[in-house]
Undergrad: 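A single structure is presented below for examination.
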Amino acid sequence: MRIATFNINGIKARLPRLIEWLEETQPDIACLQEIKTSDDSFPIKDIEGAGYGALWHGQKGFNGVAILARGEQPVEILRGLPGEAEDEHSRYLEADAKGVRVASIYLPNGNPCPGPKFDYKLRWMKRLRDRAAAIWAEEVPTILAGDYNVIPYDRDVYATQAMQDDALMQPESRTAYRAMLGDGWTDALASIHPAGGVWTYWDYQAGAWPRNAGFRIDHLLLSPVAADRLVTAQVDKDHRGREKASDHAPVWVELRD
DNA sequence: ATGGCTTTAAAATAAAGA
């Protein structure tokens with residue numbers, strides 16, 4: 001079973017690329033981030049036409065997450081991350097599909113830092129860790145997939161100096177991410193590629209793609225039961241090089257049935 | 001680089017991203 005995460009940077013602008021990717025790679029579950037559309041304009045007909053059922057949690061203009069399941073309607077578990085009533089950003093959606101629990105996560109960027117946006121990022125990471133612990137207690141095979149906006153280690157960025165002052169690799173961001181690993185969650189891509197040098201994002205600017213100046217910020221965290229089933233984890237890198245591509249590439253895990 | 005592109009919303013610029 002293949003479970004993928006893909007920050008598509010606008011589902012309207014990316015729709016032909018998204019459908020193409022679904023048809024080519026046929027993930028069983030796809031978690032999308034930055035759909036950047038309100039709920040009423042989500043292109044559900046096109047998604048269904050590609051053979052997928054879907055849940056979505058949209059927002060006008062930015063943010064927005066979705067969960068797609070091939071030939072199946074995902075069952076919604078939670079919409080929005082608990083712990084901060086005044087948080088109106090659409091960044092979290094959780095569902096059951098294909099016998100597993102899955103969350104689609106769009107973690108706040110946090111720039112500029114320091115500042116209120118960075119504070120919000122750290123609070124959000126605490127809330128995510130709390131929610132992850134609650135799911136853990138349910139003992140269901142779980143995949144927490146999405147754009148975490150965290151570069152976990154120096155080996156996950158093309159040049160540490162370029163991102164030194166960025167929210168994505170501040171010690172506080174890394175500590176919060178690693179705390180979840182310490183809780184027992186497995187970073188699937190890192191476990192398959194321990195040497196690093198695997199990117200999931202390349203900036204549109206400054207020729208980042210042609211010179212392969214990227215970093216790794218899209219992650220799939222597996223609960224122990226899911227990690228026991230891990231076969232491989234990869235990046236659909238070639239999709240980043242296509243016409244009108246997202247600045248992220250899809251990332252996926254293969255789990256034993 | 002004081003964001004060098006890109007998307008969205010919306011009508012020319014501005015916000016947001018990472």
Side-chain angles (χ1 to χ4, degrees), chain A residues 5-21 31-43 46 56-66 87-92 104-122 124-125 128 146-174 176-177 189 196 198-219 235 237 239-251:
Chain A
T5 182
F6 188 10
N7 179 322
I8 57 172
N9 187 21
I11 200 168
K12 293 173 191 168
R14 213 71 58 215
L15 193 55
R17 286 286 89 87
L18 173 63
I19 299 301
E20 173 184 86
W21 171 71
C31 298
L32 306 181
Q33 301 86 36
E34 284 206 88
I35 60 175
K36 295 187 175 181
T37 185
S38 50
D39 282 339
D40 56 8
S41 50
F42 184 84
D46 298 272
W56 59 96
H57 181 32
Q59 184 171 352
K60 185 178 179 181
F62 66 120
N63 300 328
V65 289
D87 182 4
E88 310 241 317
H89 287 196
S90 297
R91 298 179 174 276
Y92 186 89
S104 184
I105 291 162
Y106 179 46
L107 208 146
N109 168 302
N111 282 303
C113 73
K117 290 189 174 183
F118 188 61
D119 297 339
Y120 170 59
K121 176 184 190 135
L122 296 180
W124 207 95
M125 294 188 81
L128 177 62
D147 176 359
Y148 280 70
N149 270 317
V150 175
I151 298 168
Y153 301 96
D154 286 354
R155 59 181 177 274
D156 296 316
V157 57
Y158 73 99
T160 53
Q161 190 180 10
M163 299 297 289
Q164 204 63 54
D165 299 325
D166 197 284
L168 277 60
M169 56 177 280
Q170 289 313 294
E172 296 95 326
S173 308
R174 288 178 155 182
Y177 182 77
L189 198 60
V198 177
W199 318 141
T200 68
Y201 170 91
W202 296 258
D203 202 303
Y204 287 127
Q205 302 178 79
W209 169 250
R211 62 193 178 94
N212 197 28
F215 35 91
R216 188 175 74 94
I217 51 175
D218 300 274
H219 310 306
V235 180
K237 186 175 175 181
H239 287 258
R240 176 61 182 83
R242 301 190 183 189
E243 284 298 312
K244 293 277 286 178
S246 170
D247 41 6
H248 296 250
V251 187

Undergrad: Can you tell me, in whole Å, how much space there is between the P of B/dT13 and that of B/dT2?
TA: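 About 25 Å, rounded to a whole number of Å.
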Undergrad: Take nucleotides 6-13 of chain B nucleotide by nucleotide from the 5' end and write B, S or -, depending on whether a protein heavy atom sits under 4.0 Å from the base, only from the sugar-phosphate, or from neither.
TA: SBSSS---
Undergrad: Which residues in residues 161-170 of chain A have at least one heavy atom lying under 4.0 Å from any atom of DNA chain B?
TA: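 Those residues are A/L168.
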Undergrad: Starting from P on B/dG17, measure out to CG on A/L107 and report it in whole angstrom.
TA: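 For the pair A/L107 CG and B/dG17 P, the rounded distance is 12 Å.
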Undergrad: Hey, which of A/N7, A/D147, A/T5 is the one that makes side chain to side chain donor-acceptor pair (under 3.5 Å) with A/Q33?
TA: A/T5
Undergrad: Using a cut-off of 6.0 Å, state whether more than 12 heavy atoms not belonging to A/Q161 lie near its atom CD.
TA: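 Atom CD in A/Q161 is not packed in, count stays at 12 or less.
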Undergrad: Once you apply a heavy-atom cut-off of 4.0 Å, does A/D203 come out as touching a base, just sugar-phosphate, or nothing?
TA: base
Undergrad: Determine the contact category for A/R91: base if any of its heavy atoms lies under 4.0 Å from a base atom, sugar-phosphate if only primed atoms, P, OP1 or OP2 are that close, otherwise nothing.
TA: sugar-phosphate
Undergrad: When you compare the side chains of A/N9 and A/Y204, does any donor N or O come within less than 3.5 Å of an acceptor on the partner?
TA: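 Present: a donor and an acceptor within the cut-off.
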Undergrad: Whole-Å distance between B/dA16 P and A/Y106 OH?
TA: 11 Å
Undergrad: Say you pick atom P in B/dA15 and the same atom in B/dG4; how far apart are they, in whole Å?
TA: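 After rounding to an integer number of Å, I get 15 Å for this pair.
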Undergrad: By the 4.0 Å heavy-atom rule, please label A/H89 as base, sugar-phosphate, or nothing.
TA: nothing
Undergrad: Rounded to whole Å, please give me the gap between CD1 in A/I217 and C1' in B/dG17.
TA: 10 Å
Undergrad: Applying a 4.0 Å non-hydrogen cut-off, can you work out what A/D218 is touching in the nucleic acid: base, sugar-phosphate, or nothing?
TA: nothing
Undergrad: In whole Å, measure the gap between the P atoms of B/dT6 and B/dA10 for me.
TA: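 Each nucleotide's P atom is 23 Å from the other's.
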Undergrad: Any non-hydrogen side-chain atom of A/S246 less than 4.5 Å from a side-chain atom of A/E34?
TA: no
Undergrad: So, using ring-ring contact (aromatic ring centres under 6.0 Å, His included) as the criterion, who are the partners of A/Y201 when residues are at least two apart?
TA: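 Scan of A/Y201 (ring-ring contact (aromatic ring centres under 6.0 Å, His included), adjacent residues dropped) gives A/F215, A/H248.
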Undergrad: Under 30°, 30 to 60°, or over 60°: which ring-plane class applies to A/W21 and A/F6, parallel, tilted or perpendicular?
TA: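 Taking A/F6 first and then A/W21, their aromatic rings stand perpendicular (interplane angle over 60°).
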Undergrad: Is any side-chain heavy atom of A/I8 closer than 4.5 Å to one of A/K36?
TA: no
Undergrad: Given atom OH of A/Y148 and atom P of B/dG17, what is their separation to the nearest angstrom?
TA: 19 Å
Undergrad: Whole angstrom is fine here: how far is it from OH in A/Y201 over to P in B/dG17?
TA: 12 Å
Undergrad: B/dG17 C1' sits how many Å from A/N7 CG, rounded?
TA: 9 Å
Undergrad: Taking A/K60 first and then A/D40, would you say they form a salt bridge - that is, a charged N and a carboxylate O separated by under 4.0 Å?
TA: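 Looking at A/D40 together with A/K60, the answer is no, because their closest N to O distance does not fall below 4.0 Å.
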Undergrad: Which is true for A/K117 with a 4.0 Å heavy-atom rule: it touches a base, it touches only sugar-phosphate, or it touches nothing?
TA: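 Answer is sugar-phosphate: A/K117 comes under 4.0 Å of backbone atoms only.
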Undergrad: Does the side chain of A/Y92 reach to within under 4.5 Å of the side chain of A/H57, using non-hydrogen atoms?
TA: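 Not touching, per the 4.5 Å side-chain cut-off.
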